[in-house]
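A short worksheet on the structure shown next.
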Amino acid sequence: MESLRLDGKTAIVTGSSRGIGRAIAELYAPAHARVAVSGRKLEACQDVVDQIRKDGGEAAAVGCNISDKNQIHHLVDQVEAAYGPVDILVCNAAVNPFYGPISQLTDDAFVKVLDVNIRSNLWLVNRVAPGMAARSLSSVRSPG
């Protein structure tokens, strides 16, 4: 896609070993982003990275279970060590442990949905947004 240009940008895409997340990672790479492919299964992430690299893109696989705050910090630390500050964060990973009427949804299943689909995204944003904001503010120049 020639119109999308992400030259020099670093992107983390959670849940990118398959499906929509993989498609996003595979779109960002030819747009010249450095892509961190992340998911619970490192081997599946590495398969995506291998394909991106085969196609001429730059990517790294980082295993991460986003329901674990320490793993989220490790994910960001690994990406920053490899590529520098994170510019793009795609919170794609999610779970749905229950299929059926909401009246039958257990408290435990609901808590899992909240933890993985909402709280983990808060952790990710809180980890990378301050740096994004600082870089954005430092690039603003006063007229003169």
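Note: hydrogens, waters and symmetry copies are ignored here, and every other heavy atom, side chains too, is used.
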Where is the tightest heavy-atom contact between [X] and [Y], given as atom of each residue plus distance?
X: Val37; Y: Ala25; result: CG2-CB, 4.2 Å
X: Ala59; Y: Ile52; result: CB-CG2, 3.8 Å
X: Ala11; Y: Tyr28; result: CB-CD2, 3.8 Å
X: Ala36; Y: Val79; result: CB-CG2, 3.4 Å
X: Ala60; Y: Arg53; result: CA-NH2, 4.1 Å
X: Ala93; Y: Gly15; result: CB-N, 3.6 Å

Heavy-atom side-chain proximity of [X] to [Y] below 4.5 angstrom:
X: Pro97; Y: Val113; answer: yes
X: Lys112; Y: Phe98; answer: no
X: Val90; Y: Ile88; answer: yes
X: Ile72; Y: Ser120; answer: yes
X: Ile12; Y: Leu75; answer: yes
X: Lys54; Y: Asp50; answer: no
X: Leu124; Y: Leu89; answer: yes
X: Val86; Y: Met132; answer: yes

Please check this pair: side chain of [X] against backbone of [Y], looking for a donor-acceptor N/O pair closer than 3.5 Å.
X: Asp68; Y: Cys64; value: no
X: Asp87; Y: Thr10; value: yes
X: Arg127; Y: Trp123; value: no
X: Thr14; Y: Asn92; value: yes
X: Asp55; Y: Gly57; value: no

Exercise. What's the verdict on side-chain contact (heavy atoms from CB on, under 4.5 Å) for Ile66 and Arg119, showing C-alpha distance, side-chain angles and the deciding distance?
Worked result: CA-CA 9 Å; Ile66 63 166; Arg119 190 164 69 161; over 6 Å; no

Exercise. Counting heavy atoms not belonging to Ile20, are there more than 12 under 6.0 Å from its CD1?
Worked result: no

ILVMFWY network linking [X] to [Y], side-chain heavy atoms under 4.5 angstrom:
X: Ile118; Y: Ile102; answer: yes
X: Val111; Y: Leu105; answer: no
X: Val76; Y: Val125; answer: yes

Mind checking the [atom1]-[atom2] spacing from [X] to [Y]? Nearest 0.5 Å is all I need.
X: Asn65; Y: Ser38; atom1: CG; atom2: OG; answer: 9.5 Å
X: Arg40; Y: Ser67; atom1: CZ; atom2: OG; answer: 8.5 Å
X: Asp115; Y: Phe110; atom1: CG; atom2: CZ; answer: 10.5 Å
X: Lys41; Y: Ser17; atom1: NZ; atom2: OG; answer: 8.0 Å

Exercise. Between the side chains of Thr106 and Asp108, does any donor sit under 3.5 Å from an acceptor?
Worked result: no

For this session: Give a yes or no on whether a salt bridge exists between Asp47 and Arg22, defined as a side-chain N under 4.0 angstrom from a carboxylate O.
Result: no

Seminar exercise, completed: salt bridge (Lys or Arg N to Asp or Glu O under 4.0 Å) filter on Arg18, not counting sequence neighbours, yields none

For this session: Mind running side-chain contact (heavy atoms from CB on, under 4.5 Å) on His32 and Leu6 for me, showing each step along the way?
Result: CA-CA 5 Å; His32 306 281; Leu6 299 172; 5.7 Å; no

Problem set entry | side-chain contact (heavy atoms from CB on, under 4.5 Å) between Tyr83 and Glu58, intermediate numbers included | CA-CA 10 Å; Tyr83 295 132; Glu58 187 172 355; 3.1 Å; yes

For this session: Could you go through the salt bridge (Lys or Arg N to Asp or Glu O under 4.0 Å) check for Asp7 and Arg34 one step at a time?
Result: CA-CA 8 Å; Asp7 300 66; Arg34 299 176 298 252; over 6 Å; no

